[in-house]
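Letters A, B, ... mirror the listed sequences (proteins, then strands); counts begin at 1.
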There are 2 protein chains.
Amino acid sequence: MKRICVVEDEVLVREELSSMLENNGYNVSVIDKFDDVSSDILKHEPDLVLLDINLPNLSGFQICRDLKNKSSVPVVILTSRDDLKDELNALELGADEFMTKPYRKERLLLRISNVLKRYEGRSNLLEGPGFLLDRLTYTLYIDGTSVILPKNQGKILEVLLQNRGEEVSRQEISDKVWGTSEFIDENALQVNLTRLKKTMASLNMPCTVQAVRGVGYKIVETEEK
Amino acid sequence: MKRICVVEDEVLVREELSSMLENNGYNVSVIDKFDDVSSDILKHEPDLVLLDINLPNLSGFQICRDLKNKSSVPVVILTSRDDLKDELNALELGADEFMTKPYRKERLLLRISNVLKRYEGRSNLLEGPGFLLDRLTYTLYIDGTSVILPKNQGKILEVLLQNRGEEVSRQEISDKVWGTSEFIDENALQVNLTRLKKTMASLNMPCTVQAVRGVGYKIVETEEK
DNA sequence: AGAAACCTTACATCAGGTGTAAGTTCAAAT
DNA sequence: ATTTGAACTTACACCTGATGTAAGGTTTCT
């Protein structure tokens with residue numbers, strides 16, 4: 001059963017939404033404290049977030065941005081203002097749907113089920129600069145094609161992506177690839193890194209793995225025409 | 001550059017749409033004969049179809065259904081009536097967006113670019129009953145996880161999916177897997193079919209490969225709780 | 001019962017991913 | 001400029017998993 005997290009400060013509307021969703025076969029969790037919203041939401045591990053824009057402390061837009069940065073959960077935005085600017089804003093932030101209140105029950109339900117359908121099987125896709133990586137199979141999607149990375153190269157790319165832009169130490173990579181218990185051959189890692197770089201280059205990916213002397217490695221975007 | 005196919009019978013609106021899209025970096029092709037619309041559309045190999053619902057001969061709904069049956073091209077529906085029924089109908093048919101006229105330029109453009117983004121890298125996904133198959137890597141998406149099929153099993157599943165529901169002869173499968181020129185060992189095919197069935201069963205897929213005595217094989221859905 | 005279509009299992013082979021080894025290049029610091 | 005350790009490269013041997021082969025078993029129709 002799919003879990004939907006409802007983020008709405010008006011208690012009445014919240015309960016109406018909850019019961020409607022529950023009646024239609026969803027598992028609902030609600031947010032009623034509004035300080036660290038985006039983390040709270042993710043703790044529930046929802047399959048979809050139904051988000052009101054007009055909230056007390058934080059702006060709904062900010063929450064949406066946070067959610068999309070920290071995860072790839074789909075977000076449906078609900079608002080009482082019918083404002084084009086809001087809508088453009090929301091969709092640019094990566095929101096998946098935008099609906100104005102008063103909402104028609106059927107319309108909302110259909111859009112929710114549509115968004116969920118759209119995300120089917122996409123839950124394990126990690127987003128990188130200009131490509132997607134399936135965390136389970138290490139299938140790499142780029143430029144309308146797809147390739148399967150060898151397991152080790154996939155794992156390295158995965159750990160680098162999870163720290164997008166940040167340096168990752170050899171140790172961390174090693175742990176990811178072979179597990180923390182195994183003996184680590186510095187060189188084995190080196191060889192696999194070289195292989196990953198070669199693969200990425202041959203795919204014309206818009207980023208590379210860059211060594212940071214004495215520290216580790218990081219992903220950097222390579223801009224080119 | 002992405003190609004958009006505009007399907008709209010009113011010449012004025014059509015030209016307005018076309019020039020707007022072209023000004024925003026799309027390659028536009030228009031439909032102006034309305035007899036065998038869905039085939040005509042697909043001949044242009046569009047990345048997206050912008051479809052008016054109120055057309056002379058055929059209903060826009062029917063076209064949408066045809067398009068979705070024959071391909072996986074995204075469809076954005078445009079209509080002058082703001083009718084909930086229409087919208088529900090359209091979305092159930094698999095339309096990707098639904099917009100009412102008069103449309104706001106920015107809103108339409110944003111939705112189009114959103115839909116295109118959403119389809120990025122998905123162009124090679126074949127849809128089966130309850131799962132998706134990547135035609136290039138034979139990565140299989142089911143139940144929120146993914147698995148890589150061995151090449152031969154993938155190819156067999158692919159050719160079966162392309163003829164969803166229909167029987168496919170051994171010969172056709174063989175051609176797909178080994179190419180028409182190769183010598184065909186009946187048994188090799190048999191073994192690979194068995195392997196595919198085993199794989200599918202172990203994944204709890206909601207369908208199986210069924211032999212049709214003297215003819216070939218087909219995919220059938222297995223209904224179960 | 002018998003034959004033809006279809007299926008199963010086990011095994012040998014082969015390709016591609018992997019770690020190892022041995023060496024080369026690079027870049028910062030003296 | 002020389003040195004030194006970090007970062008990289010290449011070649012090779014090994015191992016895993018996908019594949020084809022072979023031999024035999026089951027089903028289904030007459």
Side-chain angles (χ1 to χ4, degrees), chain A residues 133-134 136-140 147-160 167-179 181-203 208-220, chain B residues 133-134 136-140 147-160 167-179 181-203 208-220:
Chain A
L133 178 70
D134 184 317
L136 297 176
T137 59
Y138 304 116
T139 305
L140 181 66
V147 192
I148 295 171
L149 296 183
K151 253 180 259 319
N152 285 350
Q153 295 180 43
K155 286 184 182 174
I156 295 175
L157 185 55
E158 182 187 357
V159 72
L160 288 172
E167 293 97 3
V168 182
S169 70
R170 279 189 161 65
Q171 185 63 53
E172 282 177 79
I173 301 179
S174 204
D175 288 357
K176 173 75 191 178
V177 178
W178 292 280
S181 53
E182 294 290 314
F183 171 72
I184 296 132
D185 180 355
E186 276 281 299
N187 192 239
L189 176 58
Q190 179 59 61
V191 171
N192 281 289
L193 268 163
T194 302
R195 284 170 182 156
L196 174 59
K197 283 194 215 171
K198 202 170 285 177
T199 310
M200 290 173 74
S202 73
L203 291 171
T208 357
V209 176
Q210 196 172 74
V212 183
R213 198 155 241 259
V215 183
Y217 295 85
K218 65 176 178 180
I219 296 244
V220 291
Chain B
L133 178 70
D134 185 317
L136 296 176
T137 59
Y138 304 116
T139 305
L140 181 66
V147 192
I148 295 172
L149 295 183
K151 252 179 261 317
N152 286 349
Q153 295 181 41
K155 286 183 182 174
I156 296 176
L157 185 54
E158 181 187 358
V159 72
L160 288 172
E167 295 96 2
V168 182
S169 70
R170 275 186 163 61
Q171 185 62 55
E172 282 177 78
I173 301 179
S174 205
D175 288 356
K176 172 76 191 176
V177 177
W178 292 281
S181 53
E182 295 290 314
F183 170 73
I184 296 132
D185 180 356
E186 276 282 298
N187 192 240
L189 176 58
Q190 179 59 61
V191 172
N192 281 289
L193 268 162
T194 303
R195 284 172 182 155
L196 174 59
K197 284 194 214 171
K198 202 169 285 176
T199 310
M200 290 173 74
S202 74
L203 291 171
T208 356
V209 175
Q210 197 172 72
V212 183
R213 198 156 241 259
V215 183
Y217 295 85
K218 63 176 178 181
I219 295 245
V220 290

Atom pair distance, as rounded to whole Å: CZ in B:Arg195 and P in C:dA10: 12 Å
Residue closer to the 5' end of DNA chain D, B:Lys151 versus A:Ala211 (nearest nucleotide): A:Ala211
B/S/- contact track for nucleotides 22-30 of chain C, protein heavy atom under 4.0 Å: B---B----
Under 4.0 angstrom between B:Gln190 side-chain N/O and C:dC7 OP1 or OP2: yes
Least distance between heavy atoms, B:Ala188 atom then B:Asn192 atom: O-ND2, 2.9 Å
Spacing between B:Lys198 atom NZ and C:dT8 atom P, to the nearest angstrom: 7 Å
Distance test, side-chain N/O of A:Asn192 to OP1/OP2 of C:dG19, below 4.0 Å: yes
Check: A:Val177 and A:Ile156 side chains under 4.5 Å, non-hydrogen atoms: yes
Distance below 4.0 Å between B:Thr194 side-chain N/O and C:dT8 OP1 or OP2: yes
A:Trp178 side-chain N/O to C:dT18 phosphate OP1/OP2 under 4.0 Å: no
Minimum-distance pair of heavy atoms, taken over all atoms of A:Leu157 and A:Leu196: N-CD2, 3.9 Å
Whole-Å gap separating P (C:dC6) and CD1 (B:Ile173): 11 Å
Whole angstrom value for the distance that separates P of C:dG16 from CD1 of A:Ile148: 13 Å
Any side-chain heavy-atom pair of A:Leu189 and A:Trp178 under 4.5 Å: yes
Identified side chain to side chain contact (heavy atoms under 4.5 Å, CB included) partner of A:Glu158 from the options A:Asp134, A:Leu149, A:Ile173, A:Leu133: A:Leu133
Whole angstrom value for the distance that separates P of C:dT9 from CG of B:Leu193: 15 Å
Nearest-angstrom distance from the residue atom CG of A:Leu196 to P of C:dG17: 13 Å
Sugar-phosphate only, base, or nothing, as touched by B:Val209 at under 4.0 Å among non-hydrogen atoms: nothing
Nearest-Å distance for atom pair CD/P, residues A:Glu186 and C:dT18: 19 Å
Residue pair B:Lys218 / B:Glu167: nearest heavy atoms and the distance that separates them: CB-CA, 3.9 Å
Partner of B:Lys176 by side chain to side chain contact (heavy atoms under 4.5 Å, CB included), out of B:Asn152, B:Val159, B:Leu160: B:Val159
Shortest non-hydrogen contact between B:Val168 and B:Glu172, atoms and distance: CG1-CB, 3.6 Å
Touch class at under 4.0 angstrom, heavy-atom based, for A:Tyr217 against every strand present: sugar-phosphate
Heavy-atom check, side chain of A:Tyr138 versus side chain of B:Ile148, under 4.5 Å: no
Nucleotide interval of DNA chain D bounded by contacts with chain A (heavy-atom cut-off, under 4.0 Å): D:dG5 to D:dT10
Value in whole Å for how far the P atom of C:dG19 lies from CD of A:Gln153: 11 Å
For B:Val209 against B:Met200, the heavy-atom pair lying closest together: CG2-SD, 3.9 Å
